[in-house]
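Numbering of ligands and ligand atoms starts at 1, following listing order.
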Amino acid sequence: MTYPRILIDQEAVLTNAAALKKMGEQQRIQITPVVKALAGYDQLIRAIAELGFTRIGDSSLRHIRNYADLAVEKWLLRSPMICEMPQLIELTDGALISEERLLREIEAEAGRQNTSYKVMLMAELGDLREGCDQQELVQLAILAESLPHVQLEGIGANLSCYGNILPGVKNMAAMADMAAAVETAIGRQLAVVSGGNSSSLKMLAAGQLPAAITDLRCGESLLLGMIPCYDVPADWLRQGAFTVETEIIEIKTKPSLPWGESGSCDSFGGTTSFEDKGLRKRALAALGKQEIYINGLTPCDHGVELLGGSSNYLVCDITDGPDYQVGDTIAFYCDYAAMATGMCSAYIEKRFL
Ligand SMILES: Cc1ncc(COP(=O)(O)O)c(C=O)c1O
């Protein structure tokens, strides 16, 4: 057995995939599963695709290479770099685009490969990550329509990722307006208006998305059953599918306050505050910031507190927890950040249950 390792409850993820698909169908919205946090481990990605989705979204061509043969549309959700155009056209069916230069590079490379390539143009709705205002969106749509090797599939928007902006009646109406403006400019209906991600599930479940929205791209809800930005579980989805386990390598009773002269920061440039609780029983576990986002871990066992960690150690207070021994394993639930970083870490084994 090798530790640390992430355990993935595939049944929970597949149950979520089916529930999302069903909820989408009830509201006439297509769901695009976003599998970037699966880091290209294709066994589960293939099982998700088999449930009958039209598109799969991922953030990395390295991941997509592992399932490029799948008979489902593969979309790169992060705008492509110019240096990856040949692989982009070779491995994927479409990408989200917000720059004229990238559209023209896609046209050139798709032409070289004698193929046609789908794009969704991204609209800025206030979250301040990728996306164009309405005027630029319309200009790019007209340009895309004129490019022989580019197929304008639709428009998209992303919320709740950078600026913590929630989807609501106002920005969804703005999205519908942008879709209408693009459709008027190009004289045809768009096949896809992709209105957001998992943070739109509350509006989806309540039937509040405007009719113009046809698609949502869902990652965190699919894998963890959570609605991001609200940071709440969806009661119709399953949580806790990703846990990380590692070995305990030291158990000692120590004071809860460090002693000696304090410097300005820890080994990762951060600061930690300490509470004086007297002597506490502490366990060190073999996992750290070099491998995973440790702030996203929650101990699975009752009474265990994760105090913090450094590059390669987790420090836990186990005074009120189980009677662990050195060599026992200790497990933690992963939130999105821990899952996404841990799954991409070469130092953590992955075990699909
Ligand atoms: C463009 C885009 N769409 C959709 C998603 C999925 O977001 P979420 O995991 O919140 O559903 C992401 C983030 O992973 C993204 O960057």
Using a strict cut-off of 4.0 Å, indicate which atoms of ligand 1 neighbour a heavy atom of Leu96. 1 (C)
Decide yes or no for Ile48 and Leu222: does some side-chain heavy atom of the first lie under 4.5 Å from some side-chain heavy atom of the second? yes
For [X] and [Y], which I'm curious about, is there any donor-acceptor pair between the side chains at under 3.5 Å?
| X | Y | value |
| --- | --- | --- |
| Arg280 | Ser256 | no |
| Gln30 | Thr54 | yes |
| Ser160 | Tyr230 | no |
| Arg65 | Gln87 | no |

What is the nearest protein non-hydrogen atom to [atom], stated with its residue, atom name and distance?
| atom | result |
| --- | --- |
| atom 9 (O) of ligand 1 | Glu220 N, 2.8 Å |
| atom 15 (C) of ligand 1 | Arg129 NH2, 3.7 Å |
| atom 2 (C) of ligand 1 | Asn158 OD1, 3.4 Å |
| atom 7 (O) of ligand 1 | Asn197 CB, 3.2 Å |
| atom 11 (O) of ligand 1 | Ser198 OG, 2.5 Å |

Min heavy-atom dist Cys218 to ligand 1 below 4.0 Å: yes
For ligand 1, is there an atom lying under 4.0 Å from some heavy atom of Pro228? yes
Evaluating non-hydrogen atoms only, which member of Glu130, Met120, Lys36, Arg217 is closest to atom 4 (C) of ligand 1? Arg217
